[in-house]
Amino acid sequence: MVIGVSGVQGDFREHKWMIEKLGIETFVVKLPEDLDKVDGLIIPGGESTAMIRIMKMTCFFEKLREKIEGGFPVYGTCAGLIILAREIENYPQESLGVIDIKVVRNAYGRQVDSFDEMIEIKGFDKPFKAVFIRAPRVEQYGPDVEALAFLNNSPVMCRQKNVLVTSFHPELTDDTRVHEYFLNMVKEYKVN
Ligand code: GLN
C-alpha cells in the first residue's frame, strides 16, 4: 500500500511523516499521472485558492475528480476540505464537489485566532486534540454525509463514502488516530 500526499502546496510533509510513522510507504504527488501510483491521497492544509489554481494548470484537478468518482479514497484537511467540498462561501471558488458539504472559509477568524480544542470523534475511545488554523466551517451537509465530530454544533470531521475531511489538523499533533482511520478506508477500497 502506498499513500499519496499532494505536494502541490501546503503542509504535506507533516502528513507524510504521520503515515510513515505508521509504517506505510508514502509518495508526494504533484502531477496527474502520479495519482495512478498511489492507493489513496491526502490533500493537506495550506491555501485552497493557490492549490486549485496549480491543480487546474496541470489537469490534476480533473483527473483527481474522475478517480474519486470511481471510488479512490481521499482525505482533505482544512484547505483540502475546501477543495473537496460541494460549495464554498467567502469567497466562492471552484471546487471538486465530491462531498456534499457547504463551507465558509476562514470562519473561525484569522491566523491569530488559531486554537485547539479537545473533541469527541465517533468510534474513538478517547477525545482528540483538534488544532484549528484559519479553519473553514461546515454550514450544511447532505444526507449522504456522516458527521463524525462536532465543535459548537458544526461538523469538523465528515465522511461521504470514500471522501474524508477534517477542518482541523491532526498532522500537527502526535496522535495518529485520524490517519489510521483513513488508512482503514484505503484498505477497504483495496480489498473490494
Ligand atoms: N484559510 C485557508 C484557505 O481558505 C485554509 C487554512 C488551512 O488550511 N489551515 O484555503
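Quantities reported herein were computed from a predicted structural model and do not represent experimental measurements. Positions are given from 1 along the sequence. Just follow the structure's listing: the first ligand is 1, and inside any ligand the first atom is 1.
Looking at ligand 1, you won't find any N or O of Ile82 less than 3.5 Å from one of its N or O atoms. Looking at ligand 1, you won't find any N or O of Thr77 less than 3.5 Å from one of its N or O atoms. The distance criterion of under 3.5 Å between nitrogen or oxygen atoms is not met by Thr49 with respect to ligand 1.
Looking only at atom types and distance, the side chain of Glu139 has no donor-acceptor partner in the side chain of Ser154 under 3.5 Å away. If you check the side chains of Tyr75 and Thr166, you find a donor sitting under 3.5 Å from an acceptor. Residues Glu87 and Ser95 have side chains that never bring a donor and an acceptor to within less than 3.5 angstrom of each other.
Contacts of Arg105 with ligand 1, taken as heavy-atom pairs under 4.0 Å, involve the side chain alone.
For ligand 1 and Ser48, the ligand atoms under 4.0 Å from any heavy atom of the residue are 3 (C), 4 (O), 10 (O). Close approach to Gly45 involves these atoms of ligand 1, each under 4.0 Å from a residue heavy atom: 8 (O). Interface atoms of ligand 1 facing Glu47, defined by a heavy-atom separation under 4.0 Å, are 2 (C), 3 (C), 10 (O).
For the side-chain hydrogen bond (donor to acceptor under 3.5 Å, both in side chains) with Glu146, the qualifying choice from Lys122, Gln160, Arg159 is Lys122, the only one to do so.
Contact annotation: His169 has at least one heavy atom less than 4.0 Å from an atom of ligand 1.
Across the listed options Cys78, Ala135, Ala107, Gly80, Cys78 owns the non-hydrogen atom lying nearest to atom 7 (C) of ligand 1.
Note: Glu171 CD to Ile19 CD1 = 10.5 Å, rounded to the nearest 0.5 Å.
The nearest heavy-atom contact from the protein to atom 5 (C) of ligand 1 is Gly46 O, 3.3 Å. Among protein heavy atoms, the minimum distance from atom 1 (N) of ligand 1 is reached at Asn106 OD1, 2.6 Å.
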Give the C-alpha distance, both sets of side-chain angles, the deciding distance and a yes or no for side chain to side chain donor-acceptor pair (under 3.5 Å) between Thr77 and His15. CA-CA 10 Å; Thr77 54; His15 281 288; 3.2 Å; yes
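Around atom NZ of Lys63, more than 12 heavy atoms belonging to other residues, nucleotides or ligands sit under 6.0 Å away.
Side chain of Asp116 to main chain of Ala130: no donor-acceptor pair is present (N/O by atom type, distance under 3.5 Å, no hydrogens or angles).
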